[in-house]
Protein chains: 2
Amino acid sequence: MTTQREQRKQERHDQLVATARHLFAEKGVENTTIKDIAEAAGVAQGLLYHYFDSKEELLWAIVERYNPLPEMRAIFAGAEGRPVRDVLLQAATTAYALVSERQDIIRILLREGLTRPDFQERFRTLQQMAIAVGSGFLQRRIASGELRPHNTQASVRTFAGSIIAIYLSGASPDLIPDVIDNLLGGVAAPT
Amino acid sequence: MTTQREQRKQERHDQLVATARHLFAEKGVENTTIKDIAEAAGVAQGLLYHYFDSKEELLWAIVERYNPLPEMRAIFAGAEGRPVRDVLLQAATTAYALVSERQDIIRILLREGLTRPDFQERFRTLQQMAIAVGSGFLQRRIASGELRPHNTQASVRTFAGSIIAIYLSGASPDLIPDVIDNLLGGVAAPT
DNA sequence: CTCTGTTGGCTGAACGCTCATTCAATCACA
DNA sequence: TGTGATTGAATGAGCGTTCAGCCAACAGAG
């Protein structure tokens, strides 16, 4: 049975993690004080140390909670049998949506990943997983004859890089279909 | 005439900017103390305030000095008359080399750009310039008939995104030719 | 060329402030 | 009544910045 206390505890925990996530993403971890978080959450500074041993542990709680790796990994799931174009389109759209939804954690991972070795590790894992999954999919479609034989290490980076560029440049996701069509058909004039 | 004093002053200035650039890139601006910079440069803390009014001004001195915008802008210069593939290949290779050389400043701009509005502005300017220049080039090649008509807002992002992805994933620049060929010829199997 | 006064690069200790963290006291639920 | 959530003031370390003084390089006078 869940007593009222346990439930409140859970809610508080979630509230503090969410508040900190938002502030960390907006101002950066180092520029966000415990006081900032406490004020934004409407609690006393001391309370944060009842839930987390340190600012550092709070940061890790955020990362563990919102880490987008599982969703990224599943991005090509259920692709079998469906046409390449459909799959790529859906994967790109899903990835874009995921990155948009998880703005906060992406910003935190990116920013802290530039300096903290342990975060860098996380980031690299995410990258390598994405490259492996994407490259694997493309190779299966080469084997099936839908794609011509080519260096999938190159094409998977083009695919992922395009999505990143669209997101970073603040462009509309409406560009995604055009990106896929360019990648599949090429932009050179037919000879 | 340049007195010995003036020359030393210039050298010191350069040394301090370079030392700070390296440390800022490695540990982040907020995690780098004036003491760190002074020790790494082998001078007293106070000296930094003889050359720069504040840590903030030192940061801006770095940005002004190593800003890669001019080189980026010139990346498609002298393209006229040469085949698309050659131009894209050289542009991509140059861009990759530039990003590699200027690692430090890119990291600083990226990291601080995530939180400081004025840096964000710099970053956005760099981006928009790159998109405008690249898109312009591609459109001229559509007009000349070398490329088929397509959405260059999409293809320019694919082009730039591919380079970013290669750099970020730590892959070899040897992938660049494959990326260009994929983009030009497409990866779909010929019908 | 030598002496002398001045300028300015350079030092490192000191200041004041902010921050993460602690802790004794209070409050509300069980 | 007891346990755990919550408070907010206190602590102490670390940081950016200041400043009074030292010394080498310079300019001008003799």
Side-chain angles (χ1 to χ4, degrees), chain A residues 1-63 108 111-112 115-116 118-119, chain B residues 1-63 108 111-112 115-116 118-119:
Chain A
M1 60 151 215
T2 344
T3 122
Q4 189 180 353
R5 254 195 179 153
E6 286 170 24
Q7 190 187 335
R8 296 271 165 124
K9 181 171 174 171
Q10 186 62 45
E11 285 172 10
R12 255 291 135 78
H13 184 94
D14 293 354
Q15 179 204 9
L16 295 179
V17 170
T19 306
R21 166 178 59 85
H22 186 243
L23 288 174
F24 282 173
E26 185 180 319
K27 313 202 299 169
V29 175
E30 296 85 356
N31 301 317
T32 303
T33 68
I34 296 292
K35 196 174 167 233
D36 288 339
I37 303 170
E39 276 176 8
V43 300
Q45 293 189 48
L47 187 59
L48 277 143
Y49 289 88
H50 186 72
Y51 285 89
F52 310 96
D53 284 347
S54 64
K55 193 180 173 182
E56 198 69 16
E57 206 201 271
L58 171 56
L59 177 57
W60 277 106
I62 295 170
V63 174
I108 295 172
R111 199 182 133 93
E112 300 310 314
T115 52
R116 296 175 193 245
D118 36 10
F119 270 60
Chain B
M1 62 157 213
T2 345
T3 130
Q4 189 180 352
R5 255 197 179 152
E6 286 171 23
Q7 191 186 333
R8 296 272 165 121
K9 181 170 174 171
Q10 185 63 45
E11 284 173 11
R12 255 292 134 79
H13 183 94
D14 293 354
Q15 179 204 8
L16 294 179
V17 170
T19 306
R21 167 177 58 85
H22 186 244
L23 288 174
F24 282 174
E26 185 180 318
K27 313 202 299 168
V29 174
E30 295 85 359
N31 301 317
T32 304
T33 68
I34 296 292
K35 195 172 168 233
D36 288 338
I37 302 169
E39 276 176 7
V43 299
Q45 292 189 49
L47 187 58
L48 277 143
Y49 288 88
H50 187 71
Y51 285 89
F52 310 96
D53 284 346
S54 65
K55 193 181 176 184
E56 197 69 16
E57 206 200 271
L58 172 54
L59 177 57
W60 277 105
I62 296 170
V63 174
I108 295 172
R111 199 181 132 92
E112 300 309 315
T115 51
R116 296 174 194 247
D118 35 11
F119 270 61

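The basis for the numbers below is simple: all heavy atoms, side chains too, and nothing from hydrogens, waters or symmetry mates. Below, read A as the first sequence line, B as the second, and so on, with proteins coming before strands; counting in each chain starts at 1.
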Residue pairs passing the side chain to side chain donor-acceptor pair (under 3.5 Å) test with at least one member in residues 48-57 of chain B, sequence neighbours excluded, are B/Glu56-B/Arg116
Minimum-distance nucleotide to [X] side chain [options: [options]]:
| X | options | result |
| --- | --- | --- |
| B/Ala44 | C/dT11, D/dG16, C/dG8 | C/dT11 |
| A/Lys9 | D/dG8, C/dT21, D/dA5 | D/dA5 |
| B/Gln4 | C/dC10, D/dA25, C/dC19 | D/dA25 |
| B/Ile34 | C/dC10, D/dT17, C/dC19 | D/dT17 |

Hey, are the side chains of [X] and [Y] touching, using non-hydrogen atoms and a 4.5 Å cut-off?
| X | Y | result |
| --- | --- | --- |
| B/Leu47 | B/Arg12 | yes |
| A/Leu59 | A/Ile108 | yes |
| B/Arg111 | A/Glu112 | yes |

Distance below 4.0 Å between A/His50 side-chain N/O and D/dT6 OP1 or OP2: no
Side-chain N or O of B/Tyr49 less than 4.0 angstrom from OP1 or OP2 on D/dT17? yes
Between [X] ([atom1]) and [N] ([atom2]), how many Å, whole number?
| X | N | atom1 | atom2 | result |
| --- | --- | --- | --- | --- |
| B/Glu6 | D/dC26 | CD | C1' | 11 Å |
| B/Lys35 | D/dA13 | NZ | P | 14 Å |
| B/Leu47 | D/dG16 | CG | P | 16 Å |
| B/Leu48 | D/dG16 | CG | P | 10 Å |
| B/Gln10 | C/dG8 | CD | P | 17 Å |
| A/Ile37 | C/dC19 | CD1 | P | 12 Å |
| A/Gln7 | C/dC29 | CD | P | 13 Å |
| B/Lys55 | D/dC15 | NZ | P | 9 Å |

Could you check which residues of residues 12-31 of chain A get a heavy atom under 4.0 Å from DNA chain D? Sort them by number, please. A/Arg12
Need one value for A/Phe52: base, sugar-phosphate or nothing, where a base atom within 4.0 Å counts as base even if backbone is also close, heavy atoms only. nothing
B/Lys27 bridged to A/Glu30 by N-O distance under 4.0 Å: no
A/Glu11 and A/Gln7: side chain donor to acceptor below 3.5 Å: yes
Residues at least two apart in sequence or cross-chain that pass side-chain contact (heavy atoms from CB on, under 4.5 Å) with B/Ala20, listed by chain then number, are B/Phe24, B/Ile37, B/Leu58, B/Ile62
Starting at the 5' end of DNA chain D, which residue's closest nucleotide do you reach first, B/Gln45 or B/Arg5? B/Gln45
Between A/Gly46 and A/Asp36, whichever has its closest DNA chain C nucleotide further toward 5' is A/Asp36
